[in-house]
Amino acid sequence: MKTPFVTPEKLREITGTIPTPFHLYDEAGIVDNALRLKAAFAWNAGFREYFAVKATPTPAILKILGSLGCGLDCSSLTELMMAEKLGITGGDIMFSSNETPDAEFELASQLGAIINLDDITHIEVLRRLVGIPKRVCCRFNPGGAFEIGNHIMDNPGDAKYGMTREQLFEAFRTLRDLGAEEFGIHAFLASNTASNDYYPVLASQLFTLAVELSRSTGCEITFINLSGGVGIPYRPEQQPNDIAEIGEGVHRVYDEILKPAGMDDIAIFTELGRFMLAPYGALITTAIREKHTYKEYVGVDATACDLMRPAMYGAYHHVTVSGKEDAARDHTYDIVGSLCENNDKFAIDRALPKVEIGDTLIIHDTGAHGRSMGYNYNGKLRSGEVLLRRDGTFELIRRAETPDDYFATVIW
Ligand SMILES: *Cc1c(COP(=O)(O)O)cnc(C)c1O
């Protein structure tokens with residue numbers, strides 16, 4: 001059972017003022033979850049979450065997270081510019097990118113961001129462009145499969161990111177010789193994990209590596225970035241991860257590995273996106289058409305341009321018909337948008353209560369990698385974003401695109 005964070009009454013009030021489709025965010029949920037993460041890692045004095053901006057690049061949301069002490073993880077020029085516009089600079093930014101263009105290294109350096117090098121060849125690029133900073137981070141990719149027990153969680157060996165173990169040792173030495181004084185290690189080895197063991201297993205690998213790197217190179221390692229990857233339960237039958245247990249699991253391996261090595265002043269960083277935001281956003285859309293052919297279709301006013309995950313990955317997003325939360329799910333529908341692409345389906349063969357034209361549908365868990373992955377295929381205009389405040393008030397935090405936005409880049 002998945003319950004929407006917004007009641008039918010409140011949603012009617014919002015849709016009375018702001019036309020669908022839009023992404024709606026729940027401030028209370030965002031804040032409470034961020035506080036749970038902070039509490040889970042309170043044992044680590046230097047702990048910091050750097051929110052992965054690409055998941056939800058929306059200033060009003062970034063301000064909420066900033067007020068709770070989160071930094072920003074940027075990975076592109078405009079994400080860095082967004083941080084700058086918000087007055088977030090220096091060590092409050094992690095810059096984790098790959099195949100990094102010159103202009104991005106330059107702005108990251110100018111802002112004083114902590115630069116996370118994806119590849120050993122980037123050392124020379126960085127040196128040439130802006131010089132090697134005092135504090136720097138390297139991204140590690142151990143290759144092979146990432147397993148917990150016998151369970152393969154992901155395949156880092158197939159991923160384009162990060163340096164091999166040998167390269168990492170060499171990179172630390174080279175960076176040290178070029179003047180770097182403070183080092184960090186970063187790795188992102190599995191995505192949307194549904195296990196409380198992902199971070200602890202990753203952490204134990206990185207902690208062991210940190211001890212080896214420190215002994216072998218003499219470099220001072222001051223932080224370890226566990227990056228993103230903690231998942232959320234998209235399906236109603238899935239169990240949510242327990243962040244308190246995850247924090248305790250990392251604490252245990254920290255005490256086992258780093259403490260005896262005398263390295264227990266290392267700060268733990270995270271770069272969560274999905275875990276911080278996905279459940280606290282929903283795509284609100286209206287049923288505008290119905291169709292009865294070989295299947296039963298409900299046509300809605302949102303499209304894959306507003307939420308690409310189902311079209312791109314076949315991802316499951318739960319759907320609630322607002323006001324029919326407790327009604328029997330005794331109909332089966334494909335919930336579809338109007339793109340001329342047959343993958344424009346938010347749900348396939350989904351059991352729902354009877355949907356009437358005009359019903360408001362809540363597509364769950366769109367708070368991360370939702371609007372941010374939007375696009376303009378078929379000339380569709382991306383939806384706006386609305387924030388539901390803890391006190392029940394709501395405000396538009398990004399307007400919907402207009403045809404003028406769509407035509408703005410055209411040279412006639
Ligand atoms: C996408 C990304 C994240 C966030 O990942 P989630 O799965 O949303 O937690 C963090 N760090 C980097 C470098 C990323 O590319």
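Note that this is a predicted model, so its numbers are computed, not measured. Ligands are counted one by one from 1 in listed order, and the atoms in each one are counted from 1 as well.
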Look at Lys295 together with Asp334 and state whether they make a salt bridge at an N to O cut-off of under 4.0 Å. yes
Sorted by chain and number, the residues that approach ligand 1 to under 4.0 Å with a heavy atom: Ala52, Lys54, Asp73, Ser96, Arg139, Phe188, Ser227, Gly228, Gly229, Glu271, Leu272, Gly273, Arg274, His369
With ring centroids as reference points, do Phe47 and Phe269 lie under 6.0 angstrom apart? no
Please list all pairs passing the salt bridge (charged side-chain N to carboxylate O under 4.0 Å, His left out) test where one or both residues lie in residues 367-392, with sequence neighbours left out. Glu27-Arg389, Asp32-Arg390, Arg382-Glu401, Glu385-Arg398, Arg389-Glu395
Does any non-hydrogen side-chain atom of Arg350 lie less than 4.5 Å from one of Val319? yes
Sort and list the pairs that fulfil salt bridge (charged side-chain N to carboxylate O under 4.0 Å, His left out) and have at least one residue in residues 143-172, not counting sequence neighbours. Arg165-Glu212
Not counting sequence neighbours, list each pair that qualifies as a ring-ring contact (aromatic ring centres under 6.0 Å, His included) and has a residue in residues 11-40. none
